[in-house]
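Before any comments, here is the structure.
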Amino acid sequence: MTELVIERPFEDAGTDAGEADAGNDGDSPDAFEEDAGPSCSGDCAPINHPDFDLPMLFWFGPPNQIPDCPVRAPVRQDLLHADLLVPADDCEPCTCKPSTGSCGLPETFTAHAGLCYSGAVGTSFDPPPDWDGSCTAANSIATQAQCPPGSGVPCVQSLMLGALTKLDEKCEPDLPQVPKVKHFSGVSWGLAAISCQGYTNPPLAGCQDPGEICVPAADLEAGFRQCIRARDDVMCPGQSYTKKFVFYEGYDDQRTCTACTCGTPTDAVCTATVSVFKDAMCTDPVFQGVTAASVGPSCHDIVLKGQPLGSKSISDVTYHAGMCAAGGGELEGTVVPVRPITFCCQP
């Protein structure tokens, strides 16, 4: 509770001891009236509110128009605010790094007894399960194999390579994963308030009602009201101070941004180089350097029909990164005023 700054009463100088009372005509002993004491030079304000400070002058208005305290109440006790103005801030944008992932090798190699996509009979030339791409003779097809047997139609006229598969794909947000609030302008206030205390003559006397105190007079034209003050947002007491105002010592910016997220990768591709050989040791090629990809199966016509398919290998397996749509980075929370002070003023 703020202590009221008061001045000691001025002492009554009285009259000179030898000076005759000019108003005494000597006709009556009752002509000398007893000194009634000095009167209040300000306002007599009620003080019977134990939960509130003693009365003071209170002003509020635009923050750029804060006046000085009046000469009669020069001690400023508060600088408070109200009408919190929160700008339309945003969060720093979320972005995602290029995707990461790995590639699964083709699981099917199929020879056809006809040109690509002709719908001819197929014969498996599949690699073994969990193939690592090294040379393998699994499911080899002999030279001049016929499909169906005895038909005279070579089984090996084209070769369909299965698609690679994309594995373990993901994107990670760029740092920081939780963005900061991007302040376009600072939080401000629409109203400011000050309270002023000071001196009267006499400070604690001069009011006939013992429940009142002599305080500096209000000046409504200058915007200074007679008020009492209490911490927190409380009800105004009694009938003397009925006009309530609540101002604040500060604010708490509780705004944060949600964490950044990344969607499913798009446009990523796996590619690999496939080679097929006539022999079982991957030395005599049927073709080399053919590209397989994750976008779908690929078919390759074989010029010399009926060749044996003895072995195969795969190399240069590459995951080509894609992109992910960024999410998150949404502003949440608010700015709230804190540490309220209640002023209850005379109407």
Side-chain angles (χ1 to χ4, degrees), residues 96-149 151-172 262-325:
C96 294
K97 299 176 182 178
S99 65
T100 60
S102 59
C103 300
L105 302 184
E107 296 180 352
T108 60
F109 282 51
T110 305
H112 288 277
L115 299 178
C116 287
Y117 310 110
S118 63
V121 175
T123 301
S124 173
F125 182 50
D126 292 346
D130 301 322
W131 184 36
D132 62 3
S134 60
C135 182
T136 177
N139 297 307
S140 59
I141 300 175
T143 185
Q144 297 301 328
Q146 298 179 8
C147 293
S151 65
V153 178
C155 293
V156 180
Q157 298 186 50
S158 62
L159 182 63
M160 180 74 73
L161 307 178
L164 280 76
T165 55
K166 294 178 288 184
L167 305 173
D168 305 320
E169 286 193 285
K170 64 179 180 179
C171 285
E172 294 184 351
C262 295
T264 302
T266 59
D267 302 325
V269 177
C270 283
T271 61
T273 300
V274 177
S275 298
V276 176
F277 303 88
K278 299 174 186 178
D279 65 311
M281 303 300 293
C282 296
T283 59
D284 186 6
V286 175
F287 55 74
Q288 289 181 295
V290 170
T291 298
S294 58
V295 294
S298 59
C299 188
H300 306 274
D301 290 326
I302 295 176
V303 177
L304 298 177
K305 300 175 183 180
Q307 292 187 76
L309 301 181
S311 58
K312 52 196 165 287
S313 65
I314 196 166
S315 61
D316 301 326
V317 180
T318 304
Y319 177 86
H320 302 272
M323 300 302 296
C324 296

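It should be emphasised that the depicted structure is a prediction, and the values quoted were computed from it without experimental measurement.
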Does any non-hydrogen side-chain atom of Phe109 lie less than 4.5 Å from one of Leu161? yes

Would you check if Val276 and Phe125 make a side-chain contact, meaning some heavy-atom pair closer than 4.5 Å? yes

What do the steps show when you test Tyr117 against Ser158 for side chain to side chain donor-acceptor pair (under 3.5 Å), and what is the final call? CA-CA 9 Å; Tyr117 310 110; Ser158 62; over 6 Å; no

Strictly under 2.5 Å separating the two SG atoms? Check that for Cys324 and Cys171, please. yes

Summary of ring pair (Phe, Tyr, Trp, His ring centres under 6.0 Å) pairs that have at least one residue in residues 263-286, sequence neighbours excluded: none

What's the shortest heavy-atom distance between Cys147 and Val121, and which atoms? CB-CG1, 4.3 Å

Looking at residues at least two apart in the chain, or sitting in another chain, which of them share a side chain to side chain contact (heavy atoms under 4.5 Å, CB included) with Thr136? Pro128, Trp131, Ala138, Lys312

Between the CG atom in Leu309 and the CG atom in Asp279, the distance rounded to the nearest 0.5 Å is 11.5 Å

Shortest non-hydrogen contact between Ala111 and Leu159, atoms and distance: N-CD1, 3.7 Å

Closest non-hydrogen atom pair, Gly296 against Ala163: C-CB, 3.5 Å

Do any N or O atoms from the side chain of Gln157 and from the backbone of Ala113 form a donor-acceptor pair under 3.5 angstrom? yes

Heavy-atom distance under 4.5 Å between the side chains of Pro106 and Ile314, does that happen here? yes

Spacing of CD belonging to Glu169 relative to SG belonging to Cys103, to within rounding of 0.5 Å: 8.5 Å

Quick one: does Ser275's side chain have a donor or acceptor within less than 3.5 Å of a partner on Ser313's backbone? no

To the closest 0.5 Å, what do you measure between OG1 (Thr264) and NZ (Lys170)? 13.5 Å

Whether Lys166 side chain and Ala268 backbone form a donor-acceptor pair below 3.5 Å: yes

The side chain to side chain contact (heavy atoms under 4.5 Å, CB included) partners of Ser102 (sequence neighbours excluded) come to Leu167, Asp168

Hey, what do you get for OG1 (Thr266) to CE (Met323), rounding to the nearest 0.5 Å? 8.0 Å

Closest non-hydrogen atom pair between Gln307 and Ile302, with its separation: NE2-CG2, 3.5 Å

Point-to-point distance, once rounded to the nearest 0.5 Å, from CD of Gln288 to OG of Ser315: 9.5 Å

Would you give the length of the straight line joining atom CD of Glu172 to atom NZ of Lys97, rounded to the nearest 0.5 angstrom? 5.5 Å

CD/Glu107: more than 12 non-hydrogen atoms of other groups inside 6.0 Å: no

Would you say the side-chain atoms of Thr318 pair up with the backbone N or O of Asp316, donor to acceptor, closer than 3.5 Å? yes

Where do His300 and Cys116 come nearest, in terms of heavy atoms and distance? N-SG, 3.3 Å

Can you check whether Asp126's main-chain N or O pairs, donor with acceptor, with Asn139's side chain at less than 3.5 Å? yes

Heavy-atom donor-acceptor pair, Gln146 side chain to Gly152 backbone, under 3.5 Å: yes

Mind listing the closest non-hydrogen atom pair of Leu164 and Leu105 along with its distance? CG-CA, 4.5 Å

Donor-acceptor pair between His320 and Thr271 side chains, under 3.5 angstrom: yes

